[in-house]
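The structure under discussion appears below in the form of structure tokens.
In each ligand, atom 1 is the first atom listed, and ligand 1 is the first ligand listed. For the numbers below, each heavy atom of this structure counts, side chains included, while hydrogens, waters and symmetry mates do not.
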Amino acid sequence: MASVPSLASTVQQRLADALSAALPEAGSADPLLRRSDRADFQANGILALAKKLKGNPRELAAQVVASVPADDVLREIEVSGPGFLNITVSDRAITGTLSARAADDRLGVPLADGAGTTVIDYAQPNVAKEMHVGHLRSAVIGDAMVRILEFTGEKVVRRHHIGDWGTQFGMLIQFLIEHPHELDHEDEAAVSGEEAMSNLNRLYKASRALFDSDPEFKERARRRVVDLQSGDERTLALWQRFVDESKIYFYSVFDKLDMEIHDPDVVGESGYNHMLDETCRILEESGVAVRSEGALCVFFDDVKGPDGKPVPLIVRKSDGGYGYAATDLSAIRDRVRNLGADSLIYVVDARQSLHFKMVFETARRAGWLSDRVKAVQLAFGTVLGKDGKPFKTREGETVRLVDLLDEAIERASAVVREKAQDLSEEEIAERGAQVGIGAVKYADLSTSAARDYKFDLDQMVSLNGDTSVYLQYAYARIQSILRKAGDARPRAHAELGLAPSERALGLHLDRFGEAVAEAASGYEPHKLAAYLYQLASLYTTFYSECPVLKADTPAQVENRLFLCDLTARTLHQGMALLGIRTPARL
Ligand code: ARG
């Protein structure tokens with residue numbers, strides 16, 4: 001493992017050294033290096049510095065240029081405009097740096113300084129309920145963030161805060177007691193996700209109907225809630241059957257999403273039951289929470305309802321029942337104290353933002369979140385239909401996630417089949433799933449999480465534009481060129497001059513680590529997606545302008561194959577960080 005400094009950071013360092021050599025009084029002033037269209041980079045920092053030192057910026061710039069040592073990284077530095085520096089690096093430096101990246105399994109991407117422990121709360125469906133399109137984003141964004149953070153060296157603990165507790169279980173359990181075979185299967189060893197969910201659905205509907213029509217059943221269901229909360233063994237065992245049945249279904253959906261969810265990481269709301277009393281006691285004793293109309297509440301100066309009255313966070317209801325907030329507060333205590341979290345991320349719908357704002361603030365007041373622990377809601381927007389309204393079926397019902405994924409796979413398989421040259425039926429099916437699921441994930445990850453986006457399958461599986469299919473085809477095309485060229489991994493030839501499109505591609509390849517670091521530190525996978533899309537576009541330009549296998553000399557053939565190979569590896573690694581497959585043949 002060898003981290004490779006990017007050319008940008010090398011140039012930045014050279015300029016910073018030259019600045020302090022030319023102007024010792026400048027201290028450690030920042031040359032402010034940017035990418036540029038005029039040259040490879042532009043440095044703007046001298047302007048501000050000249051202002052501060054009351055000097056002439058152009059003169060100062062010339063002085064700095066004179067202090068830059070001649071070497072083989074910088075090809076040209078010129079003073080431009082009021083005192084900018086335009087910087088061009090040498091072709092040799094580009095190829096040399098890329099060659100060092102290629103020699104490293106991590107493509108030279110460094111581990112982050114000061115990595116710590118992040119607990120990430122994502123993919124949190126609810127027991128005995130169908131997963132709908134709203135559960136897609138949390139799973140997809142969360143999974144990408146886990147991969148990105150782990151790649152930067154962060155220790156990541158996953159938590160799937162499933163909804164597995166609440167009064168509705170009284171009704172379900174009571175119904176199961178009265179209809180004991182409703183969750184039985186013909187073959188217990190091989191229950192499919194679909195079968196599990198359809199059982200749960202049927203049971204849910206039947207018990208709901210009874211609950212609404214039969215007051216005596218309703219009463220028995222209420223008493224069952226009390227049994228559940230007091231830990232009655234038989235009641236708990238039946239509750240566990242609902243959880244287990246639901247997990248069969250959840251895992252089948254996550255499997256379709258090509259996502260690994262591990263059982264020990266599924267710690268639902270019920271996992272914090274043993275802490276709820278204590279959480280409330282501490283809040284009340286410390287005065288963070290107060291009783292109001294029988295409920296235990298936390299108030300905030302800036303949280304008011306439409307009537308101007310303060311809206312509290314209710315930690316315990318007036319009937320003594322605990323809600324969502326008590327659980328989340330207890331989870332924070334557990335994650336900070338027992339899991340050692342330095343950062344807490346919650347990948348949850350933006351509509352729950354007020355809840356998290358109040359929960360975090362409460363935890364800070366109680367001292368459960370100190371200044372050194374970061375708590376962030378990675379809030380995401382709504383998935384919209386083509387009409388721009390929240391996604392619904394024609395009948396106005398919420399869309400089942402499984403149906404959506406199946407349709408994506410079907411559409412993608414059609415695209416793959418149409419382009420297939422030498423693929424078997426089995427391969428078409430496998431690629432169809434990789435392309436379809438990739439398309440759904442990429443559409444979600446390529447816009448910033450906070451924004452709503454339209455779920456438009458036609459657009460998602462299109463071969464043109466900012467889609468995963470475009471990226472996957474770029475990757476597969478490169479693989480086909482590399483196959484034609486033979487087995488050996490191509491080597492770089494740093495002595496060769498580069499064409500403009502080779503330089504542009506090369507400089508972008510060199511930025512991979514920056515793109516990963518940005519996506520990791522701001523929790524913004526869309527920045528990585530944007531980087532990859534640009535990479536594929538630059539590759540397309542390179543490929544149309546520079547013949548590869550028919551280049552002029554054997555050394556140039558190999559150098560271009562080297563660029564192809566590094567582009568493919570970067571695409572593969574980047575897509576893997578987004579949770580998307582890159583099949584070698586499409
Ligand atoms: N199960 C919840 C839902 O479906 C999301 C849970 C989010 N996580 C949390 N710690 N509150 O809306």
Side-chain angles (χ1 to χ4, degrees), residues 118-143 145-146 156-169 197 200 204 239 242-243 246-247 249-251 253-254 257 259 261 265-273 275-276 279 298 313-315 322-339 341 343-364 368-369 373-383 390-391 398-402 404 444 449-450 523:
T118 293
V119 177
I120 174 163
D121 185 312
Y122 73 105
Q124 326 95 331
N126 299 316
V127 164
K129 293 207 185 113
E130 194 88 55
M131 285 175 78
H132 56 79
V133 62
H135 294 113
L136 175 70
R137 301 208 69 188
S138 176
V140 170
I141 298 169
D143 183 57
M145 273 325 305
V146 169
V156 179
V157 182
R158 308 144 189 235
R159 279 293 173 265
H160 307 291
H161 197 92
I162 63 172
D164 63 355
W165 201 251
T167 50
Q168 77 277 19
F169 286 99
M197 193 62 235
L200 288 166
Y204 194 93
W239 165 80
F242 283 97
V243 175
S246 298
K247 281 187 178 174
Y249 164 72
F250 296 157
Y251 290 147
V253 179
F254 290 130
L257 273 169
M259 224 175 249
I261 303 284
D265 301 330
V266 180
V267 182
E269 295 174 5
S270 67
Y272 306 95
N273 282 349
M275 300 176 72
L276 302 177
T279 296
V298 183
L313 181 72
I314 300 176
V315 192
Y322 297 108
Y324 198 44
T327 307
D328 264 324
L329 287 166
S330 304
I332 289 181
R333 294 174 58 209
D334 176 56
R335 292 171 189 185
V336 173
R337 197 182 48 195
N338 304 329
L339 301 177
S343 306
L344 301 171
I345 315 181
Y346 294 79
V347 191
V348 183
D349 194 308
R351 285 169 284 198
Q352 295 189 30
S353 293
L354 183 58
H355 165 77
F356 283 104
K357 177 183 141 94
M358 297 198 288
V359 164
F360 296 160
E361 173 64 26
T362 301
R364 297 226 178 263
W368 296 324
L369 276 178
V373 183
K374 185 155 98 181
V376 198
Q377 182 192 1
L378 204 176
F380 54 79
T382 306
V383 181
F391 204 26
T398 47
V399 182
R400 298 190 335 145
L401 182 52
V402 202
L404 215 69
D444 199 303
Y523 307 140

Going through the distances and angles, do V376 and F360 end up as a side-chain contact (heavy atoms from CB on, under 4.5 Å)? CA-CA 9 Å; V376 198; F360 296 160; 5.7 Å; no
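- For T398, the side-chain contact (heavy atoms from CB on, under 4.5 Å) criterion is met by H132, K392, not counting sequence neighbours.
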Tell me which donor-acceptor pairs under 3.5 Å the side chains of residues 331-339 have, and how far apart each pair is, sequence neighbours excluded?
from: R333; atom 1: NH1; to: T279; atom 2: OG1; distance (Å): 2.7
from: R333; atom 1: NH2; to: E278; atom 2: OE1; distance (Å): 2.7
from: D334; atom 1: OD1; to: N338; atom 2: ND2; distance (Å): 2.7
from: R335; atom 1: NH1; to: D121; atom 2: OD2; distance (Å): 2.9
from: R335; atom 1: NH2; to: D121; atom 2: OD2; distance (Å): 3.2
from: R335; atom 1: NH2; to: H161; atom 2: ND1; distance (Å): 3.4
from: R335; atom 1: NH2; to: Y272; atom 2: OH; distance (Å): 3.3

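- Contacts of ligand 1 (protein heavy-atom distance under 4.0 Å) are D121, Q124, N126, H135, H161, Y324, D328, Y346, V348, Q352, F356.
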side-chain contact (heavy atoms from CB on, under 4.5 Å) evaluation trace for L378 with Y122: CA-CA 10 Å; L378 204 176; Y122 73 105; over 6 Å; no
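- With no hydrogens or angles considered, no side-chain donor-acceptor pair links Y324 and E269 at under 3.5 Å.
- Under the side-chain contact (heavy atoms from CB on, under 4.5 Å) criterion, V348 pairs with Q124, Y346, Q352, F356, Q377, not counting sequence neighbours.
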